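This is a predicted model, so every value here is computed, not measured. These numbers come from the heavy atoms of this one structure, side chains and all, not from hydrogens, waters or symmetry mates.
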Amino acid sequence: MKILFITFIIIFSYINLPAQEIPSFITDSLDIYVNRGLQNWQIPGAAVLIVKDGKVVVAKGYGVKELGTDDKVDENTLFMIGSNTKAFTGTALALLEEESKLKLDDKVIKYLPDFKMKDEWVTNHLNLLDIVSHRMGLETFQGDFMYWTSDLTADEVIEKFGKLTPKYDFRTKYGYTNAGYAIAGKVIEKVSGLSWGEFVKEKIFKPLEMKRTVPLSVDFMNADNIAKPHTLVEGKMSVIPIQNIDNLAPCGSIGSSINDLSHWLIAQLDSGKYNNESVIPFSAIQKTRQLLSIERRVRHPYNKTHYSLYGMGWAFQDYEGREIVMHTGGVNGFVTSLTLVPEEKLGIVVLTNTDQNAFFQSLKWEILDAYLGLPYRNYDSTFYAAFLKRREANEKWLKEVRDSISLNFEPELDLSEFEGKYLHDVYGFAELKKISDDSNTELKHKPELELTLEHHSKLKGKLEYIGNNRFLCTYSDPTYGIKVFPFEIENGKIKSFDLYVDDFIDYQAYKFVKQ
């Protein structure tokens with residue numbers, strides 16, 4: 001189906017700003033750039049926000065909320081903002097310190113006495129700043145497969161998280177850890193007497209008049225005027241279900257619009273003030289911008305930058321002599337970016353309703369460069385070319401693997417030997433069963449298995465044999481990817497297999513041992 005992208009201009013106002021202060025890229029080229037990006041990346045809909053000097057310069061919706069409809073995105077359309085949620089959680093902790101209800105260097109066990117990590121010393125020394133600055137010793141996304149879109153409760157997520165063996169020593173290396181924010185949410189609940197969702201609504205959304213913003217994915221599902229999530233399935237952009245991620249809510253479940261987010265940006269850029277009233281104490285904002293973790297050394301293809309650091313739900317980068325305060329967000333079917341340049345009183349938001357694009361970043365850089373007087377770079381052309389190269393390589397790999405499947409290799413052991421329950425020491429059980437149909441001769445003899453998982457009742461995997469004791473797993477949820485599972489066979493017996501999911505969720509292998 002041919003995708004039609006129709007620009008829908010909601011607000012394009014230059015409120016109290018001299019014309020010369022608005023870069024020509026914004027006044028002359030923004031629509032062309034966005035429409036081209038949406039078409040190239042097959043993005044159904046997007047929303048773009050620019051705030052400068054306390055005023056909304058651009059707040060525009062583009063495209064549609066759902067592929068195949070003419071339901072246009074507007075300034076009040078809700079998108080899931082993913083990990084841009086983290087800055088709200090960091091701010092909530094800072095507000096509680098402002099109210100003298102906690103100290104940010106308090107130990108986690110002061111508020112959650114039953115919490116345990118694998119190392120007793122770490123259990124006794126882990127503090128609130130550790131859990132929101134990604135310095136607990138885990139690898140990036142380590143453990144996320146176990147929780148993401150799972151049936152686990154928040155308490156069960158925290159319990160399983162504590163049983164993981166960190167890849168690195170405590171506080172020695174940055175590793176982006178979503179479950180740390182689930183712990184923060186529980187501390188907020190314990191200290192305030194409100195759930196994390198109720199706290200951010202009462203203390204942040206309401207005073208900032210973010211009237212449509214919702215804290216939970218279940219709230220998003222039931223809201224009106226929402227963008228639907230999309231992803232690529234076999235190369236075709238497709239609508240996918242909204243997932244419940246509320247067991248990790250404080251890390252990524254907020255749904256918001258560019259209209260509401262303009263209020264958040266205005267306050268962030270004006271010492272916590274909105275409508276000339278102090279809504280968030282400036283001291284609380286400063287606390288969230290502590291430089292707590294060294295993330296990595298950063299190179300930019302054109303301009304000057306050196307380091308990326310992390311605070312309490314914000315990332316920080318030097319760029320052409322300015323400090324950028326920023327974050328990105330990705331959940332199933334959405335990727336978003338939020339960027340602040342406090343010295344320029346500039347804020348930029350890009351929201352998209354597909355998780356298969358880098359446009360949400362390329363547009364951010366283009367707008368930022370325009371306001372800093374830097375040359376036009378056409379970032380999206382570069383990003384899109386790299387994407388096409390990766391996609392071509394992936395399609396080639398997948399074709400080769402499926403060619404192996406079509407040869408109908410026979411496993412060295414009977415398929416029935418692969419059936420049964422397998423245990424991961426932290427996650428729990430996975431089960432494999434033969435897929436067969438006695439009425440279909442071809443299917444009856446085809447070496448295929450079905451994967452079910454103890455804590456992911458809605459997720460299935462189809463395993464097809466590709467040779468050398470390996471199966472190709474195609475997940476029922478396309479955001480989990482298509483991955484190869486190697487099996488270990490010892491003395492003629494199945495010993496274990498390694499489970500993988502898409503890097504969007506988790507980089508690690510999970511070893512499931514046959515029972």
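A donor atom on one side chain and an acceptor atom on the other are found under 3.5 Å apart for Thr89 and Trp196. Between Lys462 and Thr474, the side chains place no donor N or O within less than 3.5 Å of an acceptor N or O (distance only, hydrogens not considered). Under 3.5 Å, the side chains of Ser283 and Glu98 contain a donor-acceptor pair of N or O atoms. Side chains of Glu431 and Tyr422: no donor on one and acceptor on the other come within 3.5 Å. One side chain, Asp506 or Tyr510, offers a donor N or O that lies under 3.5 Å from an acceptor on the other. Side chains of Gln268 and Arg289: a donor-acceptor N/O pair is present below 3.5 angstrom, by distance only. Looking at Asn247 and Ser150, their side chains do bring a donor and an acceptor atom within 3.5 Å of each other. Judged by distance alone, the side chains of Asp380 and Tyr33 never bring a donor and an acceptor atom under 3.5 Å apart. Checked by atom type, the side-chain pair Asn127/Asp105 shows no donor-acceptor distance below 3.5 Å. In summary, the side chains of Asn225 and Asp74 do present a donor paired with an acceptor at a separation below 3.5 Å, with no hydrogens or angles considered.
Judged by the 6.0 Å and 45° rule, Lys86 forms a cation-pi pair with Tyr181.
Side-chain atoms of Asn35 come within 3.5 Å of backbone N or O of Asp31 as a donor-acceptor pair. The backbone N or O of Asp246 sits nowhere less than 3.5 Å from a side-chain atom of Ser253 that would complete a donor-acceptor pair. Between the side chain of His230 and the backbone N or O of Val239 there is no donor-acceptor pair closer than 3.5 Å. Not a single donor-acceptor pair under 3.5 Å links the side chain of Tyr176 to the backbone N or O of Ser133. At least one donor-acceptor pair closer than 3.5 Å links the side chain of His424 to the backbone N or O of Tyr427. Checked by atom type and distance alone, the side chain of Glu97 never pairs as donor or acceptor with a backbone atom of Ala94 at under 3.5 Å.
Surrounding NZ of Lys228 are at most 12 heavy atoms belonging to other residues, nucleotides or ligands under 6.0 Å away. The environment of Glu343 atom CD is dense: over 12 non-hydrogen atoms of other residues, nucleotides or ligands sit within 6.0 angstrom. Within a 6.0 Å radius of NZ in Lys483, other residues, nucleotides and ligands contribute more than 12 heavy atoms. Atom NZ of Lys203 is surrounded by 12 or fewer heavy atoms from other residues, nucleotides or ligands within 6.0 Å.
Between Tyr379 and Trp365, the ring planes are tilted. Angles from 30° to 60° get that label. Between Tyr480 and Tyr475, the ring-plane angle classifies as tilted under the 30° and 60° cut-offs. A tilted orientation is assigned to the rings of Tyr174 and Tyr310, their planes being inclined by 30° to 60°. Using cut-offs of 30° and 60° on the angle between ring planes, the pair Phe161 and Phe115 is parallel.
With respect to Asp155 and Lys186, a salt bridge is recorded, a charged nitrogen being found less than 4.0 Å from a carboxylate O. A salt bridge does not link Asp53 to Lys345: none of the charged side-chain nitrogens sits closer than 4.0 Å to a carboxylate oxygen.
Tested against Phe141 for a ring-ring contact (aromatic ring centres under 6.0 Å, His included), the candidates Trp148, Tyr147, Tyr507 yield a single pass: Tyr507.
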